[in-house]
> 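Structure below; questions to follow.
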Amino acid sequence: MDKTFEHKTAQEKAREIWEKGGFFKAHANSGKEPFTILLPPPNASGKMHTGNVLMIALEDLLIRWKRMQGYEALWVPGTDHAGFETQTTFERELKKEGKSRFDFDRNTLYSQIVDFVQQNKHQIENQIKEMGASVDWSRYTFTLDEHAVNVVLDTFEKMVKDGLIYRSDYVVNYSFKWGTTFSDAEIVYKEQKSPLYYIRYGPLTVATVRPESKLGDTALAVNPNDDRYKEYVGKDIEFEDVLGPNKLKVIADPYVDIEFGTGVLKVTPAHDKNDYEIGLRHGLEIRNVVGINGRMTENAGKYAGMKVLEARKKVIEDLNGMGLIEKVDEDYENLVPVDYRSGDYIEQLVMPNWFVKVEPLRKPALDAVLEKKVNIYPKWREITYLRWMENMRDWPISRQIVWGIRIPAWYSVEENPDITVTFLNGKGAITSGKVGELLGSYTLKEIEDGLQSLVAPKKAVYVIGKEKPGDGFLPETDTFDTWFSSGQWPLVTLKYPDSEDFKYFYPTSVLETGWEIVTRWVSRMIMFGIYLTGQPPFKDVYLHGHIRAIDGRKMSKSLGNVINPDDYIEKYGVDALRMGLINGTANGKDFNFPHDKILGYRNFANKIWNMARFMLIMTESYEEETGEKVPFFGDLDQELLQAEDLEIMEKLNGLIGEVDKNLEKYRFADAGDAIYHFMWDELASGYIEKVKGREDKVVALCVLRHTYVTSLKLLHPFMPFATEHIWSHLPGLSNEPLAISKWPGDQVKPKK
RNA sequence: GGGCUUGUAGCUCAGUUGGUCAGAGCGCUGUGUUCACAUCGCAGAGGUCCCUGGUUCGAUCCCAGGCAAGCCCACCA
């Protein structure tokens with residue numbers, strides 16, 4: 001053995017041992033008690049970040065521990081198509097070539113992204129391997145694999161039959177630049193100075209930063225407790241407006257802030273989320289004045305066709321001309337929604353979207369946690385889940401992007417002539433309009449072949465099916481929200497409904513993931529799991545903390561403080577990085593990237609390496625001198641043990657119990673720390689020093705080997721490479737690798 | 001505005017039912033190269049456990065209030 005530990009060699013050798021043996025392939029018929037973890041799928045075209053490293057370290061720790069305990073341990077790897085993110089990345093690539101997604105029809109664009117992902121997919125897969133993740137690659141799943149897509153489509157079809165799916169108007173965050181909607185999670189608010197206009201509505205005055213949206217007003221609202229306006233509530237007011245005489249009802253709603261502006265709010269349900277809510281409460285008309293092309297609609301009368309900002313300017317001009325602007329507050333600062341990546345302005349628009357009726361799904365998923373069928377660790381995170389589930393609203397599941405699973409709906413052209421289609425015609429020019437009218441100039445096949453997107457009216461008639469129902473149909477072009485498919489990840493990976501895997505491994509044991517997706521992902525998986533199988537998809541949920549940068553701030557490209565795990569792997573090794581991160585995350589709280597700890601565990605790897613060297617050197621020289629073998633602990637006459645031998649044995653037994661107990665409670669750092677201190681302080685600094693002076697060397701060497709090898713096993717799930725590599729140097733133990741050796745603590749009983 | 005979390009040695013943090021609980025790693029100071037390891041050993045310095053009250057025989061740990069920090073959700077038109 002070399003004098004110093006080489007992490008690169010260890011990683012190479014250990015991986016070789018594991019890959020050759022195929023030890024991580026699980027069997028659905030072994031008779032062993034199953035223990036299952038599903039890897040939260042990283043973005044297929046992405047790169048490993050520190051969060052992924054922590055996730056893999058923790059899950060590998062759990063799965064290796066359970067495997068050694070005698071469970072049928074299954075860890076399913078996979079990757080996610082990451083709809084919007086991937087499409088955005090791809091479009092950035094297109095832009096470099098001077099192209100955009102509008103240069104292609106939907107199918108062509110889709111297959112190009114398929115190629116793009118295929119080219120980039122290996123990176124993350126290799127990185128997962130490099131991490132030493134003991135996953136079962138034979139069950140590798142990509143969210144767009146055929147069987148995965150089929151599960152999702154079947155679920156959707158069932159939900160349609162069960163009346164859980166409907167189409168409705170919805171205020172979406174729409175980017176004209178990207179031509180798609182954004183989820184709330186993708187929006188940030190930017191502070192900016194916007195002039196606040198005080199506009200007269202007859203006897204009342206309203207303050208707004210968006211005068212053009214007044215064209216879509218369908219009421220005025222005041223707070224029910226506002227004494228100034230009591231007399232108007234419930235009455236119509238008539239006044240001169242930019243489009244001629246106008247009439248609006250005054251309603252009372254507690255949403256209205258008495259203090260803001262004049263205390264009177266103009267309600268524009270089509271272009272503001274809150275106004276939309278008010279509209280629902282009071283049954284107001286939704287008057288759409290901005291179209292998905294970013295221009296004013298016919299409802300805007302003489303402003304129709306203008307871009308939003310143009311229209312705003314013109315409306316202000318006209319209002320001024322009519323003397324309807326009371327004053328302008330130029331110093332007003334407000335928050336405007338922008339795309340969190342590009343910073344582009346987001347418009348709120350009402351569009352027909354697909355929805356999941358959440359109520360029937362929500363309650364059982366809430367109860368599952370309340371009734372402890374699903375346990376969330378750490379406990380204090382549970383409230384996030386409970387509160388979300390208590391207040392969950394219907395879930396819009398359609399996204400206006402190409403990259404994803406297409407909603408399997410088909411529209412008969414004959415029955416729905418009002419469908420708006422956008423397509424590339426035979427000459428490659430973008431053409432848009434109502435399909436009923438376009439069919440005069442184009443064949444349906446032309447439209448279908450060049451189809452980019454389609455907007456069906458809310459009341460459109462549709463057929464659900466994986467295959468096109470026949471001639472005369474156009475496909476829905478919206479895709480599912482990524483969470484709709486990843487929410488079925490446990491069903492998809494285990495091949496629901498009738499595979500051996502599903503029967504054996506469902507429900508899974510523990511879901512390990514970051515806390516930030518409790519609401520988006522965990523909640524959906526529980527809902528789908530119960531809906532389809534009657535059982536939640538996992539028993540425990542462990543939520544790890546976020547890793548912040550070394551400076552204590554969130555990692556972000558703009559701050560330039562992003563940590564690339566590869567640098568640490570290169571310098572200190574995978575084991576040190578894993579152990580450092582595990583030890584940083586004590587109880588699921590966020591933590592700063594623990595640079596010093598990683599260094600410390602690199603040293604630790606070297607320490608245990610040298611302990612092995614010492615042991616081997618001593619044993620060898622003893623055996624050469626005396627010509628007799630040092631016996632294994634089981635063969636040793638226990639009468640020969642000295643006080644210090646009994647003491648170290650007792651401490652070792654204590655350690656085993658402590659490790660199991662802490663891991664059982666997901667207290668990873670406590671377990672790791674205990675092993676670290678036992679090996680370094682008790683074994684290396686304590687016992688080994690005594691061995692050097694022992695008369696009965698054979699007894700001491702025997703005890704040393706036993707305690708060392710046992711603690712090596714305990715350490716293996718934490719630092720798999722170093723321990724496996726050292727193990728391979730220890731003669732006479734067993735021919736099997738450490739990874740599948742027997743755990744020192746309790747073994748699980750076989751499944752009946 | 002609603003919620004969660006944190007405030008312990010120079011730094012990053014442990015401290016699991018209130019009584020050797022004042023700790024670890026790194027850093028720092030001094031020191032050591034005889035047969036595992038300088039990615040090491042030995043010795044050492046250091047803290048009003050955020051502040052103020054309360055409960056208790058006793059509180060870093062429980063309660064109330066305050067101060068400070070981070071994050072999540074909602075987003076005053």
Side-chain angles (χ1 to χ4, degrees), chain A residues 1-7 184-185 187-189 194 196-199 206-211 213-214 217 220-221 223 255-268 271-275 278 332-337 378-384 386-388 391 515-516 518-519 545-546 548 550-554 571-573 576 579-580 583-618 621 661-662 665 667 669-670 672-674 676-677 680-681 684-685 688-689 691-692:
Chain A
M1 291 173 81
D2 295 332
K3 192 172 167 186
T4 46
F5 174 71
E6 296 291 341
H7 61 257
D184 290 342
I187 302 296
V188 292
Y189 291 84
S194 322
L196 183 65
Y197 299 91
Y198 284 73
I199 301 171
V206 170
T208 179
V209 292
R210 301 193 48 191
S213 73
K214 85 191 303 291
D217 292 348
L220 294 175
N223 192 290
Y255 168 76
V256 181
D257 183 351
I258 297 178
E259 305 293 322
F260 187 88
T262 59
V264 184
L265 170 73
K266 61 189 227 24
V267 187
T268 322
H271 299 293
D272 184 282
K273 268 198 176 139
N274 294 304
D275 290 13
I278 296 173
Y332 178 66
E333 282 188 0
N334 70 340
L335 297 169
V336 294
K379 177 80 174 155
W380 54 269
R381 291 274 188 213
E382 192 183 271
I383 193 164
T384 312
L386 295 179
R387 182 145 305 133
W388 169 265
N391 300 314
W515 55 263
E516 76 284 0
V518 167
T519 52
H546 267 171
R548 294 185 302 253
I550 292 178
D551 58 12
R553 295 198 284 179
K554 213 167 155 174
K571 219 166 163 183
Y572 304 112
M579 187 72 167
N583 232 333
T585 182
N587 43 19
K589 283 186 302 200
D590 293 353
F591 60 103
N592 294 2
F593 188 82
H595 174 273
D596 288 344
K597 284 185 179 167
I598 291 161
L599 180 91
Y601 288 116
R602 189 275 309 259
N603 296 350
F604 181 54
N606 187 63
K607 187 74 183 180
I608 61 170
W609 172 260
N610 274 291
M611 289 166 75
R613 277 185 72 210
F614 171 81
M615 195 173 79
L616 290 178
I617 291 167
M618 295 293 277
S621 67
K661 196 185 76 193
N662 280 313
K665 289 192 291 187
R667 295 190 65 95
D670 289 350
D673 213 42
Y676 175 89
H677 285 291
W680 200 309
D681 300 343
S685 302
I688 282 183
E689 290 310 312
V691 170
K692 290 176 179 171

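Since we're looking at a predicted model, the values are computed, not measured.
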> Could you measure the distance from the OG atom of A:Ser685 to the NZ atom of A:Lys607? Nearest 0.5 Å is fine.
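Those atoms lie 5.5 Å apart.
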
> Using a heavy-atom cut-off of 4.0 Å across all strands, would you classify A:Trp380 as base, sugar-phosphate, or nothing?
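Touches sugar-phosphate only.
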
> Return whichever of A:Arg602 or A:Lys692 has its heavy-atom-nearest nucleotide of RNA chain B closer to the 5' end.
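First, find each residue's nearest nucleotide; the 5'-ward one identifies A:Lys692.
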
> For a quick check of understanding: with a heavy-atom distance under 4.0 Å over all strands, which category does A:Asp257 fall into, base, sugar-phosphate or nothing?
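Base, at least one base heavy atom under 4.0 Å.
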
> Looking for any heavy atom pair under 4.0 Å, which part of the strands does A:Lys665 touch: base, sugar-phosphate only, or nothing?
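Base contact.
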
> Using a heavy-atom cut-off of 4.0 Å across all strands, would you classify A:Asp590 as base, sugar-phosphate, or nothing?
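The residue A:Asp590 makes no contact with any strand.
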
> Between B:U12, B:U39, B:C75, which one does the side chain of A:Asn592 approach most closely?
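When the side chain of A:Asn592 is considered, B:U12 is the closest of B:U12, B:U39, B:C75.
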
> Using side-chain contact (heavy atoms from CB on, under 4.5 Å), reason through A:Asn592 and A:Ile550 one step at a time and then give a plain yes or no.
CA-CA 6 Å; A:Asn592 294 2; A:Ile550 292 178; over 6 Å; no

> Hey, mind stepping through A:Tyr572 and A:Tyr601 against ring-ring contact (aromatic ring centres under 6.0 Å, His included) and telling me if it holds?
CA-CA 8 Å; A:Tyr572 304 112; A:Tyr601 288 116; over 10 Å; no

> Would you check if the side chain of A:Asn606 reaches a backbone N or O of A:Arg602 as a donor-acceptor pair within less than 3.5 Å?
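No: the side chain of A:Asn606 does not pair with the backbone of A:Arg602.
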
> Over all strands shown, is A:Ala684 touching base, sugar-phosphate only, or nothing at heavy-atom distances under 4.0 angstrom?
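Base, at least one base atom sits under 4.0 Å.
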
> Summarise how protein sits on nucleotides 21-35 of chain B as a single string, 5' to 3': B when a protein heavy atom is under 4.0 Å from the base, S for sugar-phosphate-only contact, - for no contact.
---SSS---------

> If only side-chain N and O atoms of A:Arg548 are considered, is one of them under 4.0 Å from the OP1 or OP2 phosphate oxygen of B:C13?
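Checking A:Arg548 against B:C13: at least one side-chain N or O falls below 4.0 Å of OP1 or OP2.
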
> Counting any heavy atom closer than 4.0 Å, what does A:Tyr332 reach on the DNA or RNA strands: base, sugar-phosphate only, or nothing?
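Sugar-phosphate only.
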
> Counting side-chain heavy atoms from C-beta on, which of B:C75, B:C37, B:U6 comes nearest to A:Asn606?
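For the A:Asn606 side chain, the nearest candidate turns out to be B:C37.
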
> Of all the choices, B:C72, B:U16, B:G41, which nucleotide is nearest to the side chain of A:Asp670 once you look at every atom?
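Out of B:C72, B:U16, B:G41, the nucleotide with an atom closest to A:Asp670's side chain is B:U16.
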
> Under 4.0 angstrom, heavy atoms only, what part of the nucleic acid is A:Asn662 near: base, sugar-phosphate, or nothing?
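Contact class for A:Asn662: none.
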
> Starting at the 5' end of RNA chain B and moving along, which residue's nearest nucleotide shows up first, A:Pro594 or A:Arg387?
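It is A:Arg387 whose nearest nucleotide is closer to the 5' end.
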
> Once hydrogens and angles are ignored, does a donor-acceptor distance under 3.5 Å link the base of B:C37 to the side chain of A:Lys607?
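Such a pair is found, so the answer is yes.
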
> Just to be sure I understand the rule, does A:Ile688 reach a base, reach only the sugar-phosphate, or reach nothing, if contact means heavy atoms closer than 4.0 Å?
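Answer is base: heavy atoms of A:Ile688 come under 4.0 Å of a base.
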
> With a 4.0 Å cut-off on heavy atoms, is A:Glu6 in touch with a base, just the backbone sugar-phosphate, or nothing at all?
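Result for A:Glu6 = nothing.
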
> How many Å lie between CD1 on A:Ile199 and C1' on B:A77, as a whole number?
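Rounded to whole Å, this separation is 11 Å.
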
> Going by heavy atoms in the side chains, are A:Lys589 and A:Pro378 under 4.5 Å from each other?
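A side-chain contact is absent here, since even the closest heavy-atom pair is not under 4.5 Å.
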
> Roughly how far apart, to the nearest Å, are B:U60 and B:U6 at atom C1'?
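Approximately 14 Å lies between the C1' atom of B:U60 and that of B:U6.
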
> Are OP1 or OP2 of B:U5 and a side-chain N or O of A:Lys379 less than 4.0 angstrom apart?
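The answer is no; no side-chain N or O of A:Lys379 sits under 4.0 Å from OP1 or OP2.
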
> Ring pair (Phe, Tyr, Trp, His ring centres under 6.0 Å) with A:Trp609: which of A:Phe614, A:Phe5, A:Phe604?
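Running ring pair (Phe, Tyr, Trp, His ring centres under 6.0 Å) over A:Phe614, A:Phe5, A:Phe604 with A:Trp609 returns exactly one hit, A:Phe5.
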
> With sugar-phosphate meaning primed atoms plus P, OP1 and OP2, does A:Trp388 contact a base, only sugar-phosphate, or nothing at under 4.0 Å between heavy atoms?
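Nothing: the residue A:Trp388, judged by heavy atoms under 4.0 Å, touches no strand.
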
> Quick one: does any side-chain atom of A:Asn610 pair with a main-chain N or O of A:Arg613 as donor and acceptor, under 3.5 Å?
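Flag not set: sc A:Asn610 to bb A:Arg613 has no pair under 3.5 Å.
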
> When you get a sec, tell me which of B:C71, B:C75, B:U16 is the closest nucleotide to the side chain of A:Arg667?
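The listed nucleotide nearest to A:Arg667's side chain is B:U16.
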
